[in-house]
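Let me begin by presenting the structure, written as structure tokens, before commenting on it.
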Amino acid sequence: MKIALLGPPGVGKGTQAQRVSGRLNYVRVSTGDLVRDQIEADTEIGQELKGYSDRGDPVPDDTIMNLIRVHLQPAGAWILDGVPRTVDQARSLDEELEKHGTALDKVIMLEGPDDEKLIERVVNGRRQSLATGRVYHLEYDPPPDPVEGEDPGPFVQREDDTEEALRRQLEAYRKEAGEIREYYEEKGTLAVVDADQEVEKTTENILEVLGYPQRHP
Ligand code: ADP
């Protein structure tokens, strides 16, 4: 199955993508991680990307497509985290998949708390493991004990998790979200999931939408 997970920054795309891909054994493709990896490695493209990342501006559509193309295995089961962010990206993605005779099966749009809460959540609590790239929250989804846990950390704050950058990202998201939603509604692949609830509850709702309902005793 091929899935895209959309939503504003901080709504829980990374968190849910890592949980759902873990349970279903899907590959998670995170554009945020791909961009950060290029910046970290200080590649030519990374140097260009750093400017966008620091400002919170969207990366050009072509660059994003070039970054993800190699990961879109036609025979694979994968979950895209953070793309498409524009209708142009949605169209390019569809065209790319069509070339290989495939298509997105489901597009899940996470709807969360209001912008102020999202900013507060990220700036005050988001931490990422340097070892595994997993995302945590100091209060709501705390990192495991570095000695006993499976993820040894260290757990660091992302450089782009500043209030200014987040406001810009939110602004860009709100500008495009309506159109993206319509685009996938028309295709019949859109499902909206409430992400303003506990992490596990949201995961269950996503699994349900994907046809894997959780059985409760
Ligand atoms: P995104 O990838 O959409 O930017 P993240 O998955 O990084 O969002 O989540 C943003 C922050 O909020 C992280 O610190 C994460 O641990 C935390 N978080 C995610 N989902 C929830 C939730 N349902 N309730 C509370 N905090 C959450």
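In listed order, ligands and their atoms are each counted from 1.
For Val122, no nitrogen or oxygen atom sits less than 3.5 Å from a nitrogen or oxygen atom of ligand 1, counting backbone and side chain alike. For a threshold of 3.5 Å applied to N or O pairs, the pair formed by Thr15 and ligand 1 contains at least one separation below that value. When only interatomic distances are considered, the shortest N/O to N/O separation between Lys13 and ligand 1 falls below 3.5 Å.
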Side chain to side chain contact (heavy atoms under 4.5 Å, CB included) between Met1 and Trp78, worked out: CA-CA 7 Å; Met1 184 129 58; Trp78 40 253; over 6 Å; no

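Ion pairing between a basic and an acidic side chain is recognised when a charged N comes within 4.0 Å of a carboxylate O; Asp160 and Arg36 show such pairing. A salt bridge does not link Glu95 to Arg69: none of the charged side-chain nitrogens sits closer than 4.0 Å to a carboxylate oxygen. The pair Arg28-Asp81 counts as a salt bridge, with a side-chain nitrogen and a carboxylate oxygen less than 4.0 angstrom apart.
Against a heavy-atom cut-off of under 4.0 Å, Tyr140 is close to the following atoms of ligand 1: 25 (C), 26 (N). Residue contact check: Pro9 has heavy atoms under 4.0 Å from atoms 4 (O) of ligand 1. Listed by number with element, the atoms of ligand 1 under 4.0 angstrom from any heavy atom of Gly14 are 1 (P), 2 (O), 6 (O). Near Ala195, with a cut-off below 4.0 Å to any heavy atom, the atoms of ligand 1 are 23 (N). Residue Val11 has at least one heavy-atom neighbour below 4.0 Å for each of these atoms of ligand 1: 3 (O), 8 (O). Distances below 4.0 Å separate heavy atoms of Val135 from the following atoms of ligand 1: 7 (O), 13 (C).
Surrounding CD of Glu179 are at most 12 heavy atoms belonging to other residues, nucleotides or ligands under 6.0 Å away. Sparse packing is recorded around CZ of Arg85, with 12 or fewer heavy atoms of other residues, nucleotides or ligands lying under 6.0 Å away. Applying the 6.0 Å contact sphere to CD of Glu159 captures no more than 12 heavy atoms from other residues, nucleotides or ligands.
Relative to atom 20 (N) of ligand 1, the option among Val199, Leu166, Leu138, Thr203 with the closest non-hydrogen atom is Val199.
Contact annotation: Gln197 has at least one heavy atom less than 4.0 Å from an atom of ligand 1. Judged by the shortest distance from any of its heavy atoms, Pro8 lies inside the 4.0 Å radius around the atoms of ligand 1.
Rounded to the nearest 0.5 Å, atoms OH (Tyr26) and CG (Leu80) are 13.0 Å apart. Distance check: Arg134 CZ to Asp33 CG gives 12.0 Å after rounding to the nearest 0.5 Å.
Side-chain contact, Asp141 with Thr15: no donor N or O sits under 3.5 Å from an acceptor N or O.
At the shortest separation from atom 8 (O) of ligand 1 among protein heavy atoms lies Gly12 N, 3.1 Å. Of the protein's heavy atoms, Arg126 NH1, 2.6 Å lies nearest to atom 7 (O) of ligand 1. In this structure, atom 14 (O) of ligand 1 lies nearest to the protein heavy atom Tyr136 O, 2.7 Å. Of all protein heavy atoms, the one closest to atom 4 (O) of ligand 1 is Gly10 N, 2.8 Å. Protein heavy atom in closest approach to atom 12 (O) of ligand 1: Arg121 CD, 3.2 Å.
Contact annotation: the side chain of Thr31 approaches that of Ile68 to within less than 4.5 Å [non-hydrogen atoms, C-beta and beyond].
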